[in-house]
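The chain is numbered in sequence order, starting from 1. What you see below is based on every heavy atom in this structure, not just the backbone, and it leaves out hydrogens, waters and symmetry mates. Here the structure is a predicted model, which is why all the values come from computation and not from measurement.
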Amino acid sequence: MTNLRSRVIGLGSHLPPRIVTNEDLTEFMDTSDEWIVQRTGIRERRWVEGVTSTSDLAVEASQRALDSAGLAAQDLDMIFLATLSPDHFFPGSAVFLQRKLGLAGIPAIDVRQQCTGFIYALSIADQYIRTGSAEKILVVGSEVHSKGLEKSTRGRDVTVLFGDGAGAVILEATGVTDPDRESHLLSTHLYTDGAFAEELWVPAVSTAYDEDIVDQRMLDRGDQYPKMNGRQVFVHAVKRMPEAVEAALEQNNYQVNDVDLFVFHQANLRINEAVAHRLGAPEEKVFNTIHKYANTTAATIPIGLDEAVQAGMLEAGMLVASAAFGSGFTWGSALLRW
Ligand code: UT7
């Protein structure tokens, strides 16, 4: 029997050219290259310059994905853009991405699931393809963190972790008869636990306070900057990511050993080492980019896929497991036959 499934036919990423090293950060906060490398594995990250926005990075990655698929933007049926750093409070950034791609008419939808945003967007897009509602969908993760970070010692625990970047895939509907061989997205698993919403969040701008969505008191408190309980996030991430991968493997009757490459979210090298250890996966099968790009949130997974292909580590026919964890808390996994 032929089942309608999604398959990745295009892939692209874009990192802004400006490199910010750990040493560069010491110019405006009390931190050190040694602390950042030891605790996170991060050596440098990219920061945008000037007026560059999240949708600007997204359009570059999208165009590369379209080029690699041999498609024009006009061939797309839908757009999903995952981001926690939108161009504006509203409308969503997918609207600006659509306009910059020279398109009108097709649905352009923002997904706001932070570090798990790309897996959520992939999952939603996959449902449209499985039901035959769409044939070609652009799924993008894009972030400009640098403009929203507190660049002083007060914000150092968060600021050193994040970078800017974008990654994109094009999904196409495909009929799958042999799931062990043919390229397709096997499954996605999504989870949320809002009990932990304030463990990693940006308190303002906000409709949850008395009157205005932003006032001087919020700015004085620094509510516009991300706040994180790093320990809490770490402890949950190393538990939830392996669970999500195991759920994917179990549903599809595979073992950890069957996976050829793990392309995890990039929050902390120590998190990914612990996840691999808990799964019993060899570290050489885990593809990381955190040392050079830090955490680009919704963009880490498509950037990782793109770089793994460029590095010759991801080839047709491989089984790829992906998982992410972050603010919400949200977490999830995706299993793909590449
Ligand atoms: O996508 C999801 C996003 N976030 C995450 O996944 C983050 C998960 N958490 C982590 O990666 C880790 O918890 C961190 C890397 C954020 C922190 O590592 P840690 O080993 O948990 O350190 P800590 O928060 O317990 O802080 C240890 C010390 C503290 O000083 P004292 O109290 O021991 O004197 C901090 O003030 O390190 C200090 N510190 C820093 N020192 C230099 C915190 N940030 C910095 C910094 N540079 N940037």
Peer 1: Would you mind listing the cluster partners of Y293? Hydrophobic ones only (ILVMFWY), side-chain contacts under 4.5 Å, chaining allowed.
Peer 2: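 So far as hydrophobic clustering goes, Y293 is joined with L15, I303.
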Peer 1: Do H14 and R64 have side-chain heavy atoms sitting under 4.5 Å apart?
Peer 2: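 A side-chain contact exists here, since the closest heavy-atom pair is under 4.5 Å.
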Peer 1: Are R45 and L25 side-chain neighbours, meaning at least one heavy-atom pair lies under 4.5 Å?
Peer 2: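 Side chain of R45 against side chain of L25, heavy atoms only: contact under 4.5 Å found.
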Peer 1: Mark yes or no for whether S62, through its side chain, and A58, through its backbone, hold a donor-acceptor pair below 3.5 Å.
Peer 2: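 Pair found, side chain donor or acceptor close to backbone of A58.
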Peer 1: Show every side chain to side chain donor-acceptor pair (under 3.5 Å) that has at least one partner inside residues 325-338, sequence neighbours left out.
Peer 2: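 Non-adjacent pairs meeting side chain to side chain donor-acceptor pair (under 3.5 Å): T116-T330, Y254-R337.
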Peer 1: Under 3.5 Å, side chain of Q113 to main-chain N/O of Y120, donor-acceptor pair present?
Peer 2: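 A pair under 3.5 Å: no.
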Peer 1: Within the 4.5 Å heavy-atom criterion, are T297 and H145 side-chain neighbours or not?
Peer 2: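 With C-beta onward as the side chain, the pair touches.
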Peer 1: Compare all side-chain heavy atoms of I271 with those of M241 and state whether any distance is below 4.5 angstrom.
Peer 2: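 In short, these two side chains touch, coming nearer than 4.5 Å.
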Peer 1: Counting C-beta onward and ignoring hydrogens, is there a side-chain heavy-atom pair between V158 and Y225 closer than 4.5 Å?
Peer 2: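 A side-chain contact under 4.5 Å is absent here.
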Peer 1: Applying salt bridge (charged side-chain N to carboxylate O under 4.0 Å, His left out), can you list everything that pairs with R5, at least two apart in sequence or on another chain?
Peer 2: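 None.
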Peer 1: By side-chain contact (heavy atoms from CB on, under 4.5 Å), which residues pair with D56, not counting sequence neighbours?
Peer 2: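 Checked D56 against side-chain contact (heavy atoms from CB on, under 4.5 Å); matches are T52, S53, K100.
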Peer 1: Which atom pair, heavy atoms only, marks the closest approach of A65 to A168?
Peer 2: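 Closest pair (atom of A65, atom of A168, distance): CB-O, 3.8 Å.
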Peer 1: Would you check, one step at a time, whether the test side-chain contact (heavy atoms from CB on, under 4.5 Å) holds for F118 with V169?
Peer 2: CA-CA 10 Å; F118 184 76; V169 301; 3.9 Å; yes
Peer 1: Taking the basic N atoms (NZ, or NE/NH1/NH2) and the acidic carboxylate oxygens, is any pair closer than 4.0 Å for R7 and E172?
Peer 2: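 Result for this pair is yes, salt bridge flagged.
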Peer 1: When rounded to the nearest 0.5 angstrom, what is the spacing between CZ in R112 and OG1 in T83?
Peer 2: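 Here the rounded value is 7.0 Å.
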Peer 1: Quick one: side-chain contact (heavy atoms from CB on, under 4.5 Å) partners of D306, sequence neighbours excluded?
Peer 2: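 Partners of D306 by the side-chain contact (heavy atoms from CB on, under 4.5 Å) criterion, ordered by chain and then number, come out as L11, S13, Q310.
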Peer 1: Would you please indicate if the ring centroids of H88 and F96 are separated by under 6.0 Å?
Peer 2: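 Yes, ring centres under 6.0 Å apart.
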Peer 1: Could you tell me if the side chain of L190 sits less than 4.5 Å from the side chain of T192, heavy atoms only?
Peer 2: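 Side-chain contact under 4.5 Å: no.
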Peer 1: Could you list all the side chain to side chain donor-acceptor pair (under 3.5 Å) pairs where at least one residue sits in residues 156-168, not counting sequence neighbours?
Peer 2: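 Listed once each, the pairs are S146-D164.
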Peer 1: With sequence neighbours left out, write down each residue that passes side-chain contact (heavy atoms from CB on, under 4.5 Å) with P203, or none if nothing qualifies.
Peer 2: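 Scan of P203 (side-chain contact (heavy atoms from CB on, under 4.5 Å), adjacent residues dropped) gives W201, Y209, D223, K227.
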Peer 1: May I ask you to decide whether E307 forms a salt bridge with K292, counting only side-chain N to carboxylate O separations under 4.0 Å?
Peer 2: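 Yes, E307 and K292 are salt-bridged.
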Peer 1: Excluding sequence neighbours, so at least two apart, what forms ring-ring contact (aromatic ring centres under 6.0 Å, His included) with F196?
Peer 2: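 ring-ring contact (aromatic ring centres under 6.0 Å, His included) check on F196 returns H236, F329.
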Peer 1: Mind checking who shares a hydrophobic cluster with V144, ILVMFWY linked at side-chain heavy-atom distances under 4.5 Å?
Peer 2: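 Same cluster as V144: V48, L57.
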Peer 1: Run the side chain to side chain donor-acceptor pair (under 3.5 Å) test against D75 and tell me which residues pass, sequence neighbours left out.
Peer 2: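 With neighbours one apart ignored, the set is empty.
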Peer 1: What distance do D24 atom CG and M29 atom CE have between them, rounded to the nearest 0.5 Å?
Peer 2: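 Reported value, rounded in 0.5 Å steps: 11.5 Å.
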Peer 1: Please examine the side chains of V320 and D260, heavy atoms only from C-beta on, and report whether any two atoms are closer than 4.5 Å.
Peer 2: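 They are not in contact (no side-chain heavy atoms under 4.5 Å apart), so the answer is no.
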Peer 1: Between I137 and L305, is there shared hydrophobic-cluster membership here, with clusters defined by ILVMFWY side-chain heavy atoms closer than 4.5 Å?
Peer 2: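 Same cluster: I137 reaches L305 through Ile, Leu, Val, Met, Phe, Trp or Tyr contacts under 4.5 Å.
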Peer 1: Is it true that a side-chain atom of T26 and a backbone atom of S32 form a donor plus acceptor pair closer than 3.5 Å?
Peer 2: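 A pair under 3.5 Å: no.
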Peer 1: Identify, with sequence neighbours excluded, every residue that meets ring-ring contact (aromatic ring centres under 6.0 Å, His included) alongside H291.
Peer 2: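 ring-ring contact (aromatic ring centres under 6.0 Å, His included) list for H291, sorted by chain: empty.
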Peer 1: List, by chain and then residue number, the residues other than L138 in its hydrophobic cluster (Ile/Leu/Val/Met/Phe/Trp/Tyr, side-chain heavy atoms under 4.5 Å); write none if there are no others.
Peer 2: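 I9, V59, L66, L71, L76, I79, L81, L97, L101, L103, I106, V140, I170, all in the cluster of L138.
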